[in-house]
Amino acid sequence: MNEKIILSVENLDITFRTNAGLVHAIRGVDFELPAGKTLALVGESGSGKSVTMKAVAGLLDDNATVNSGKIFYNGLDLLTLSKRDLRKKINGQQIAMVFQDPMTSLDPTMTIGAQITEGMLLHQKISATDAKDKAVELLKLVGLNEPEKRVKNYPHQLSGGQRQRVVIAIALSCEPKILICDEPTTALDVTIQARILDLIQDLQKKMGLSVIYITHDLGVVAKVADFVNVMYAGKIIEAGTVDEIFYDPRHPYTWGLLLAMPDLDTTEDRLYSIPGSPPNLLHEPIGDAFAARNRFAMKIDEREQPPMFKISETHSAATWLLHPDAPKIELPRELRLRLERARKAANL
Amino acid sequence: MRNEELGIRNADDFEFIAGRDLNVDLNFASQGYWKGVAVHFCRNKLAVAGVIIVAVIMLFAILAPIVSTYGYQEIVAVNVDGKQIVAKSLEPQFAGEAQNLFADKTFLFGTDDMGRDLWTRTWFGARVSLLIAFVAIFIDMIIGMSYGLISGYFGGHVDNIMQRFIEIAGSIPTLVIISILAIFMDKGIGLVIAALLVTEWIGMSKISRAECLKLKEREYVLASRTLGAGSFHIIFKQILPNTIGPIITQVMFSIPVAIFTEAFLSFVGVGIVLPQCSIGSLIEAGFNNITVLPYQILPPICVLALLMLGFNLIGDGFREALAPKIENM
Amino acid sequence: MNNPLLKVDNLHQHFKISRNFTVKAVNGVSFEIFPGETYGLVGESGSGKTTIGRSIIRLYDPTSGEIIFNRSKISGTLNNKTRRMLRKNMQMIFQDPMSSLNPRKKIGDIIGEGLDIHEIYSDVTERNAIIAEMLQKVGLSPAHAERYPHQFSGGQRQRAGIARALVMKPKLIIADECISALDVSIQAQVVNLMKDIQAETQCAYLFIAHDLSMVKYISDRIGVLHLGYLVETGTTEEIFSDPIHPYTKSLLSAVPCPNPRVEKFRRPVVYDSSNVNYSAATVQKISDTHFVLL
Amino acid sequence: MTKYVAKRIFMSVLTLFVIIFVLFVLIRIMPGNPFPVERMSAEMILQKRAELGLDKPILIQFVDYMSMLLQGSFGNGTSLYNGAPIKPILLACLENSFKIGVLSILFGTTVGLLLGITAALNRGKFLDGLCTVFSILGVCIPSYVFMIFLQYFFSYKIPFFPYFFDPSRFLFSSIMPSLSLSLFTVATVARFTRNEMIEVMNSDYVKLAEAKGLYGFELMRKHVLRNALIPVVTVIAPLVVDLLTGAMVMEKIYGVNGVGKLMVDAISGDGIDYNYVLALGIVFSSLYIGIMLVLDILYGIIDPRIRLTAKETA
């Protein structure tokens with residue numbers, strides 16, 4: 001890779017204090033985001049994808065402790081900055097965030113216009129009227145009808161889809177370099193979801209944004225991502241370009257994720273599924289966290305966590321199956337068929 | 001990569017694990033509900049302190065009047081020849097001078113201006129106050145809970161009418177209600193309990209109605225209906241057990257209110273009548289003598305403050321243990 | 001074709017919010033479900049799909065229209081016999097595994113609730129045996145009967161929810177968005193379980209969902225709902241290879257496909273629903289099984 | 001918004017009317033005799049009844065009473081015992097109670113808000129603990145315990161403040177009564193404010209504001225305070241009512257001639273003065289309902305979700 005790396009996270013490790021005890025939510029996460037590209041962070045709930053991104057944006061809750069790790073933004077370690085510096089220099093202007101639930105992420109007592117202009121007035125030398133004009137423009141950009149009227153509205157007067165557009169407009173208001181979208185469409189209908197995703201992609205092209213998506217929906221990932229990181233139990237277990245993940249996945253968990261969602265041609269009687277449920281990180285597992293649900297678990301999985309095995313320059317996965325001494329396994333039939341079909345459809 | 005680099009020592013490292021039944025999912029998440037509540041409650045030092053305070057006072061209130069030397073009505077006085085005499089109660093033929101004794105070996109809290117043992121009277125008063133509070137709040141809980149559950153569950157017109165009634169009843173200040181009751185009833189324990197009954201159930205019913213409205217749309221209630229369960233079964237078997245938590249919290253906050261109301265009514269002179277005594281009437285007696293014999297007011301006031309503190313701490317502890325979200329992730 | 005198990009004819013379901021405001025959630029929906037088949041009902045939120053499920057199982061009282069189930073009319077006032085038949089033979093699996101199990105009851109008692117209400121067992125041993133068998137069938141262990149819902153993960157709870165419905169040996173199960181709240185890796189488990197059960201017991205499903213790829217996978221026939229109207233219905237094959245209604249087309253185009261090289265170049269078909277007036281439209285017959293509201 | 005206000009006002013008037021009716025009927029139908037029997041002969045009582053219109057049907061009595069009430073007097077306007085007119089005495093007492101009440105509400109809410117905000121901003125630290133302990137004590141220990149001790153120490157042992165309330169030195173002599181009366185308000189407001197603040201600070205929209213780059217004072221002022229304080233308005237109404245109850249004790253302890261004392265006198269003496277009870281009941285209820293109404297409307301004004309219902313803007 002010779003693109004400029006705009007964001008890199010190294011060995012991030014985070015614990016949460018909860019009533020039940022310490023939860024080791026992030027257990028050593030590394031990834032890089034090349035400028036102008038889109039990275040998708042995939043995983044199910046509790047896998048730590050949102051926490052990782054909150055750490056990047058400096059928005060971790062009070063009960064979280066960062067035990068170790070570095071987050072470099074353009075060479076600057078964000079974790080060493082004070083909260084004040086972080087808010088003043090990074091949040092909004094460099095890194096902006098779109099939250100999952102559009103119903104709760106807007107201040108109910110403030111007009112839409114005021115919420116959009118707030119960041120601009122804070123960070124940029126801009127007059128109130130100019131900011132207001134820009135807010136109208138932003139609302140037009142995110143495809144909200146009657147933007148002049150909308151700026152005077154309060155959040156409760158808009159629908160969910162409209163609110164999510166407002167949240168995106170807020171995120172874009174200070175022309176950030178990185179946009180983090182935390183499940184931006186799960187709360188929305190499929191037809192609106194497709195439009196919001198298109199919108200973000202168009203804006204990305206226009207403004208040269210780097211985007212990080214947090215999602216569990218592989219359809220969304222296929223649509224938007226350049227790079228994919230799959231998370232499980234607080235770790236990244238497979239990372240690669242979108243083609244590598246979708247056409248040549250190596251981790252049994254990724255297989256499960258891919259196959260759990262039937263494509264429109266799936267005809268098999270049974271879906272390939274991952275048995276069991278994700279581990280509770282209150283009791284940190286010994287060895288590979290996925291071993292208990294892995295059909296191909298080996299004895300070493302119960303003792304030792306697998307390192308990231310490199311498959312190509314961009315592709316790596318954390319499973320002992322990739323160890324040179326591991327027995328060769330045959331891909332499950334459903335998976336083989338599915339991958340063949342996918343490659344064929346993609347003319348690969 | 002070679003084995004030594006990865007630190008692998010066992011020969012069977014790369015054998016598949018055999019003999020697992022992956023189809024039976026044995027993973028489980030957290031501990032049971034009440035156990036979680038209990039653990040959380042016990043971890044709260046203030047709440048535990050509240051339990052201890054309340055337990056100690058209740059113990060004294062139950063035992064002290066039984067084991068103490070003097071009855072709560074007994075008057076200790078010195079007769080003409082300087083000997084101590086004890087009378088069962090205020091008797092006309094009683095001759096002698098009532099003592100105002102400050103604390104000594106026989107009278108731990110001293111005596112009141114009539115020469116009655118304050119130690120016995122304080123604990124007896126605490127017993128009366130606690131009894132009033134428990135009885136009143138227990139009845140309130142039953143009334144309020146049924147009212148709220150019925151109103152919330154049936155909804156529609158039933159709810160509308162029942163809520164209008166509560167709205168109006170809730171808009172009458174407690175003081176006005178008490179004054180009307182005072183017209184109908186004689187002063188004493190009955191009046192105090194009646195006053196508590198008329199006012200305190202409203203809060204309970206509001207809570208159980210709110211809970212019921214929330215719970216009746218829960219899918220497990222719908223599931224019960226699709227299985228053919230009747231309204232009675234749903235209200236009492238499905239909804240009620242889930243409202244217990246908030247109701248207990250409310251009870252814990254209502255008991256100190258009841259104790260306070262009793263104390264307040266007795267203090268202003270419409271509560272407990274002599275020679276009966278309660279915390280409130282003891283405070284009133286102490287207040288009347290405060291400039292002359294200030295020690296008399298201390299025991300009842302301390303017991304009152306400790307009781308209210310204790311119950312409030314327990315209530316707080318319950319509330320936090322039941323809704324741990326503030327401190328959670 | 002044999003007799004339909006469920007026949008919904010011109011179902012209307014309206015909710016009166018205030019004196020001059022009524023929500024018309026379902027407007028003249030008709031469809032049939034045959035024994036042993038899966039009928040998928042898709043539509044976005046607010047399209048009335050959940051309402052239809054709840055009207056059929058009589059959590060709501062339908063405003064008008066007729067519902068025939070198992071050869072009995074179950075719309076209108078129910079007599080005791082019909083009610084009993086309905087409550088035994090039609091069951092529901094709910095959406096949210098966190099709220100569909102009573103947190104104060106043991107899993108065993110939750111599953112056994114239907115047995116208790118209809119007094120289906122002769123003694124406690126038999127009851128517990130039925131529950132244990134049910135638990136095993138849905139991939140839980142009989143020992144789980146003594147645990148409370150809090151001690152389970154989302155997927156496990158959803159399986160307990162399925163067990164609660166199955167224990168009555170119903171002929172029709174309404175699965176209301178029963179996988180949408182689950183993690184992706186768990187969804188497949190639950191769908192597999194549902195398919196296994198259907199193969200074993202020949203029950204029919206009304207599968208309500210917004211996720212078209214899963215609906216396609218599990219359904220024999222599909223109905224597409226929009227704004228409370230059934231705009232198109234047909235076999236899965238007909239809906240996916242020959243969609244007629246513009247809304248169906250737009251919905252199909254919006255389904256994300258987990259194949260990056262294909263997905264990156266797809267653009268959703270936009271359907272402007274602001275000016276449609278379905279009440280004036282009529283049902284057109286395309287084939288014996290395929291109908292469109294145009 | 002006008003519709004909202006109109007509806008509230010209508011409901012309040014209706015509620016008040018129903019309360020007055022219930023009070024009136026209850027007091028009229030109650031058993032026993034409203035006159036001090038031992039001091040009056042049977043004829044005197046009959047005469048008195050006729051004089052007061054007590055022999056008429058109850059509904060007509062009510063209509064009469066209401067018409068008099070609307071003209072600004074309480075029934076025949078005299079005490080049943082000594083025949084003294086109610087209105088002037090009531091007004092004088094009301095003035096005393098009202099002044100002390102307003103003082104303690106102002107003091108209580110201001111200090112309570114400050115304490116609550118301080119605690120929330122220093123969550124988990126020493127200041128928070130201090131505020132929490134204070135608010136627990138304030139809520140738990142009845143205000144009259146404070147009153148008795150404050151009076152004992154600062155008016156008796158160290159006779160700095162007057163022992164009894166003295167209307168001629170209003171401000172100085174009301175410091176102690178209103179201070180001790182406001183402690184409960186301080187504690188409740190502080191506790192509620194703290195919890196609301198913490199909830200708002202954990203909300204998504206505050207997270208989004210932080211993601212925009214807001215921090216510190218700006219963040220508090222623009223997003224946290226406004227959202228946290230709107231619900232605080234709702235606890236003030238019940239506090240005002242508690243103040244009325246507290247006033248009863250406070251007025252006894254400090255010897256204030258206020259409405260609380262008037263009520264105690266009316267019900268705790270040998271007999272009960274119905275005219276006073278009725279008049280005071282009406283005054284208390286109107287006060288309470290009036291305050292609720294004002295706060296409701298205030299709430300509507302500061303919360304856009306009520307001010308602009310979806311219907312009006314759609």
Side-chain angles (χ1 to χ4, degrees), chain A residues 53-54 57-63 82-111 114-124 149-150 152-159 166-167 170-171 173-174 176 179-180 182, chain D residues 1 4 119-125 127-129 194-234 298-314:
Chain A
M53 282 307 125
K54 277 189 176 162
L59 297 172
L60 281 175
D61 292 323
D62 293 342
N63 60 344
S82 71
K83 207 166 187 176
R84 186 160 177 269
D85 283 347
L86 197 65
R87 300 277 181 267
K88 227 173 174 169
K89 295 176 186 147
I90 303 296
N91 286 130
Q93 307 173 83
Q94 310 296 335
I95 301 176
M97 200 156 174
V98 174
F99 290 98
Q100 178 174 4
D101 188 355
M103 301 319 260
T104 58
S105 48
L106 291 171
D107 187 335
T109 59
M110 223 182 199
T111 60
Q115 297 194 50
I116 299 175
T117 54
E118 203 177 16
M120 295 188 254
L121 293 172
L122 195 71
H123 297 302
Q124 298 168 346
K149 199 179 140 194
R150 293 293 169 215
K152 291 187 200 106
N153 281 167
Y154 284 90
H156 72 272
Q157 296 168 307
L158 305 184
S159 72
V166 172
V167 175
I170 290 175
S173 64
C174 294
L179 181 67
I180 300 172
D182 185 353
Chain D
M1 186 62 196
Y4 171 80
L121 292 183
N122 296 288
R123 187 145 92 93
K125 294 187 196 143
L127 266 178
D128 183 22
R194 175 186 178 269
N195 291 345
E196 280 298 319
M197 290 265 295
I198 287 171
E199 206 175 310
V200 172
M201 284 199 280
N202 284 331
S203 71
D204 276 3
Y205 55 83
V206 168
K207 277 261 138 68
L208 186 77
E210 285 187 274
K212 272 184 225 174
L214 262 78
Y215 66 96
F217 180 70
E218 278 297 276
L219 182 69
M220 289 298 138
R221 186 177 67 84
K222 288 185 131 170
H223 295 281
V224 179
L225 279 184
R226 209 193 325 206
N227 281 292
L229 295 192
I230 288 176
V232 173
V233 172
T234 54
L298 193 67
Y299 194 77
I301 290 173
I302 54 179
D303 190 343
R305 279 161 295 189
I306 297 179
R307 188 172 68 227
L308 310 160
T309 52
K311 215 175 156 195
E312 273 173 41
T313 50

statement: The interface call for Ile170(A) against chain D, heavy-atom contacts under 4.5 Å, is side chain
- prompt: Got a donor-acceptor contact below 3.5 angstrom from the Lys88(A) side chain to the Tyr215(D) backbone?
  reply: no
- prompt: Atom NE2 in His223(D), atom CD in Glu118(A): separation rounded to 0.5 Å?
  reply: 3.0 Å
query: At what distance, to the nearest 0.5 angstrom, does NZ of Lys207(D) lie from CG of Leu60(A)?
result: 8.0 Å
Interface moiety of Lys89(A) toward chain D, non-hydrogen atoms closer than 4.5 Å: neither
query: From Tyr205(D) OH over to Thr109(A) OG1, what is the distance, rounded to the nearest 0.5 angstrom?
result: 7.0 Å
task: Go through the atoms of Val98(A) and report whether side chain, backbone, both or neither lie under 4.5 Å from a heavy atom of chain D.
output: neither
statement: Whatever's closer than 4.5 Å to a heavy atom in chain D on Ile95(A) counts as backbone
task: Verify whether one side chain among Asp204(D) and Ser105(A) offers a donor that lies under 3.5 Å from an acceptor in the other.
output: no
task: Heavy atoms only: give me the nearest Leu59(A)-Ala211(D) pair and the separation to one decimal.
output: CD1-CB, 3.7 Å
message: Looking at Asp107(A) and Arg226(D), is any side-chain nitrogen of the basic one under 4.0 Å from a carboxylate oxygen of the acidic one?
response: no
message: Please classify the contact between Leu122(A) and chain D as side chain, backbone, both or neither, with a heavy-atom cut-off of under 4.5 Å.
response: side chain
field: Atom group of Gln115(A) that falls short of 4.5 Å from chain D, counting heavy atoms
entry: both
field: Minimum side-chain heavy-atom gap Met97(A)-Leu208(D) below 4.5 Å
entry: no
- prompt: Is there a side-chain contact between Asn227(D) and Pro108(A) (heavy atoms, below 4.5 Å)?
  reply: yes
task: Select one option (side chain, backbone, both, neither) describing which atoms of Ile230(D) are under 4.5 Å from chain A's heavy atoms.
output: side chain
- prompt: Just wondering, do Lys212(D) and Met120(A) contact through their side chains at under 4.5 Å, heavy atoms?
  reply: no
- line: Highest number of heavy-atom pairs under 4.5 Å with chain D among Met110(A), Lys54(A), Gln100(A) belongs to Met110(A)
